[in-house]
Number of protein chains: 2
Amino acid sequence: MATGREIAQLCGVSVATVSRVFNQPETVNEETRERVLRVAKELGYQPNESARALSTKQSTMIGLVWDTDHRRPDWRHPYLQDLLIGLKSALSAHGYHLLMLATSGDAREIGASLADPVGYVNMTRRHHLGGLVLIDSGSDAEAFEAFAQSGVPCVAVDVAVDGPKATYVTSDNVSGALSAVRHLVSLGHSRIATITGPVGNQPSDARVSGYRKGLQEAGLPFRDEYVVSGDFYRASGNAATQRLLALDEPPTAVFAASDEMAVGALLAARAAGLRVPQDLALVGFDDIEIASVVDPALTTVAQDKPGFGVAAAKAIMAMITGGGREQPVVLPTRLVVRNSCGS
Amino acid sequence: MATGREIAQLCGVSVATVSRVFNQPETVNEETRERVLRVAKELGYQPNESARALSTKQSTMIGLVWDTDHRRPDWRHPYLQDLLIGLKSALSAHGYHLLMLATSGDAREIGASLADPVGYVNMTRRHHLGGLVLIDSGSDAEAFEAFAQSGVPCVAVDVAVDGPKATYVTSDNVSGALSAVRHLVSLGHSRIATITGPVGNQPSDARVSGYRKGLQEAGLPFRDEYVVSGDFYRASGNAATQRLLALDEPPTAVFAASDEMAVGALLAARAAGLRVPQDLALVGFDDIEIASVVDPALTTVAQDKPGFGVAAAKAIMAMITGGGREQPVVLPTRLVVRNSCGS
DNA sequence: AGGGTCTATGTAACCGCTTACGGTGGAAAC
DNA sequence: GTTTCCACCGTAAGCGGTTACATAGACCCT
């Protein structure tokens, strides 16, 4: 590994000049600059990031908080990969890397899990991370508040947080839900139920507002018994649907706040001997992969999943370079009409 | 941020002693050790990883090579999340973190993509990474050879590579495929076709061997026209199935080398007016999420997906601490019987 | 000619930790 | 009573960069 010193010697300049060539090129004479660059290339010079980080107190990495040893280890994030794709590509553009922080069992006894956000914050300092991206892999959104308050720049994905250097990216959940209900209404449905996420969860609550708005718009009554809450995962959608179908006047259409729950609803409907969409119309939310492969294919409100990653990366970078808090980012949704509504 | 020096001063010892407390505790007197530890805790001391890496030339990170700006940006890894879960948890146990390397657009013009493996290798040196985990996100397995030859410790997931410090983890594909065929045979099928991955791809080739073995075992003839190759992705499974169904004597059962292709096959069968499993039995490979949600649910050969991650992490750690090359790891598979075979 | 400016570069301190080497004191060995 | 050894700890030299400050020369102006 060639070092800056070697380049300096070969070029007959000082290490300071070599450093300047890479960090403030404009301050060094064009001729020397090119000489240094040429030699650097010949030697295959790679700046030592540890040294750089040590002296600048800034690494080119941002941390990813994604807790996997969760209460329910079988839980999966519905679209982690898309998120990562977006994150990574946007971060790359700034020369930044994503560090997936270890969550436990650190040999030096310094743990890091959502139960102990301090652990992550410590890691952030140890590695001089520029900030943290928070990905919710369950319903422990509350824990994110601790991060937001810690002072390290962080942006949460699809979870509303607030703090001195914290922000979040989310979809326009209200209008997404609204478009779903409008679609259902346009197909003639008037008994439209919804399966929500955990109460208190921001995106879920917003989707409920959108749902209410849609009913209002259509002049339909809001019925408490048509709103049943789940946890975004499949089983809860199944259970919720069973409850809905047991109602005296069961709904003819269901808007689920996630595709996973919509699939659960589909299964429940099938188990109850109902045909989808003839007997029960279904709309989901997310547009994850399985939405297009279940039968009937799911009509759903698509989120810009890689867009989340891109927006998160941009927000983090803005906070790093800018300093202050960033505005939350709200991404548009798009209704994807498939077969589960019989349109 | 408290530094080692501060602790040293407060404890009336030298920084060397503080360092020893954390790195070679047995060489320091118990009393002083505890004093240092106590003060360190009070100050919330976090060792500076950059400084440590700088002086030891070893970070506690390993790199992840997962190329996303691929020729086909819409491609997704079928079970990335499970892989990451396994990787992360096993790495955590050693106090290591996973660094997702940027793939392009580095501000300093030092790119890294599979087209330029050198870029990744450079990153490895810059950050003093312990090694690289290679994840195949397409069919560019060939590119992995360059990594394997580069001398940096690396382990590939489900791609056979070889090099001075390279190894890989894979499933026992032969017996996995064998169990699939046996299952089909046991159900009375004698016209069994297979849809393979890319020819030359190691796991795919192994699955073909397992397939042949299964036919032999059952005394069934091997027919060239019953072997058609795909690329592991859905569309290719669909196309392959169309070809199979167009045969004079079409198969009554198909073993697809991936679930995605099996789903493609399912769609093709449905489009051709065939019922699954009555008219065509289907077995997949992987046991990804959609396998259980398609209708009929897919019988498939399950791979230990988080196990890949765990094994990869262990292999990397072994290479880092041990030095030499590790043996490839072969994980067992498990036949998951669902409804696509009508058993 | 002397002073002021500006550009290009060198000098050296510093970032925080690790570690080879050496020193000290007391116990054990002779 | 030396010598030897060992446990414990301090000194100081790195690791490879960054950057404040100093310096040297070129150029311009009065």
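Lettering follows sequence order; numbering is per chain, from 1. Small disclaimer: the values here were computed from a predicted structure and weren't measured.
A donor-acceptor pair under 3.5 Å is absent between the side-chain atoms of H127(B) and the main chain of E49(A), judged by distance alone.
Protein atom CZ of R52(B) is 19 Å distant from nucleotide atom P of dC15(C), rounded to whole Å. One atom, CD of Q58(A), and another, P of dC14(C), lie 22 Å apart when rounded to the nearest Å. Counting to the nearest Å, the P atom of dA8(C) and the CZ atom of R35(A) are 14 Å from each other. Atom P of nucleotide dC9(D) and atom CZ of F22(B) are separated by 15 Å, given to the nearest angstrom. Spacing between atom CZ of R5(A) and atom C1' of dG10(C) amounts to 14 Å, rounded to whole angstrom units. In this structure, the NE2 atom of H127(A) is 13 Å from the P atom of dC17(C), given to the nearest Å.
Among the nucleotides dG16(C), dT19(C), dT11(C), the one closest to the side chain of K57(A) is dG16(C). With dT9(C), dA12(C), dC8(D) as the choices, the nucleotide that has an atom nearest any side-chain atom of N29(B) turns out to be dC8(D). The side chain of S55(B) sits closest to dC17(C) out of dC17(C), dT18(D), dC9(D). Comparing atom distances between the A16(B) side chain and each of dT11(D), dT11(C), dT18(D) picks out dT11(D) as nearest. For Q24(B), taking side-chain heavy atoms from C-beta onward, the closest of the listed nucleotides dT19(C), dT19(D), dG17(D) is dT19(C). Side-chain proximity of V15(B) to the nucleotides dT18(C), dA20(C), dT9(C) is greatest for dT18(C). Here the nucleotide nearest the side chain of L54(A), chosen from dC9(D), dG16(C), dT18(C), is dG16(C). Comparing dG10(C), dG16(D), dT19(C) against the side chain of N48(A) picks out dG16(D) as the nearest.
Dashed line: the shortest gap from a side-chain N or O of S19(B) to OP1 or OP2 of dT19(C) is not under 4.0 Å. OP1 or OP2 of dG10(C) lies within a sub-4.0 Å distance of a side-chain N or O belonging to T17(A). At the phosphate of dC15(D), neither OP1 nor OP2 sits under 4.0 Å from any side-chain N or O atom of T3(A).
Salt bridge absent: E34(B) and R38(B) never bring a charged side-chain N and a carboxylate O closer than 4.0 Å. Taking the charged nitrogens against the carboxylate oxygens, E31(B) and R35(B) have no contact shorter than 4.0 Å, which rules out a salt bridge.
Counting distance only, with no hydrogens placed and no angle test, the side-chain atoms of R126(B) and the base atoms of dG16(D) include no donor-acceptor pair under 3.5 Å.
For the residue pair N48(B) and H128(A), a side-chain donor N or O sits within less than 3.5 Å of a side-chain acceptor on the partner. Residues N23(A) and R52(A) bring a donor and an acceptor atom of their side chains to less than 3.5 Å of each other.
Projected onto DNA chain D by closest heavy-atom contact, H128(B) and V28(B) fall at different nucleotides, the more 5' of which corresponds to V28(B).
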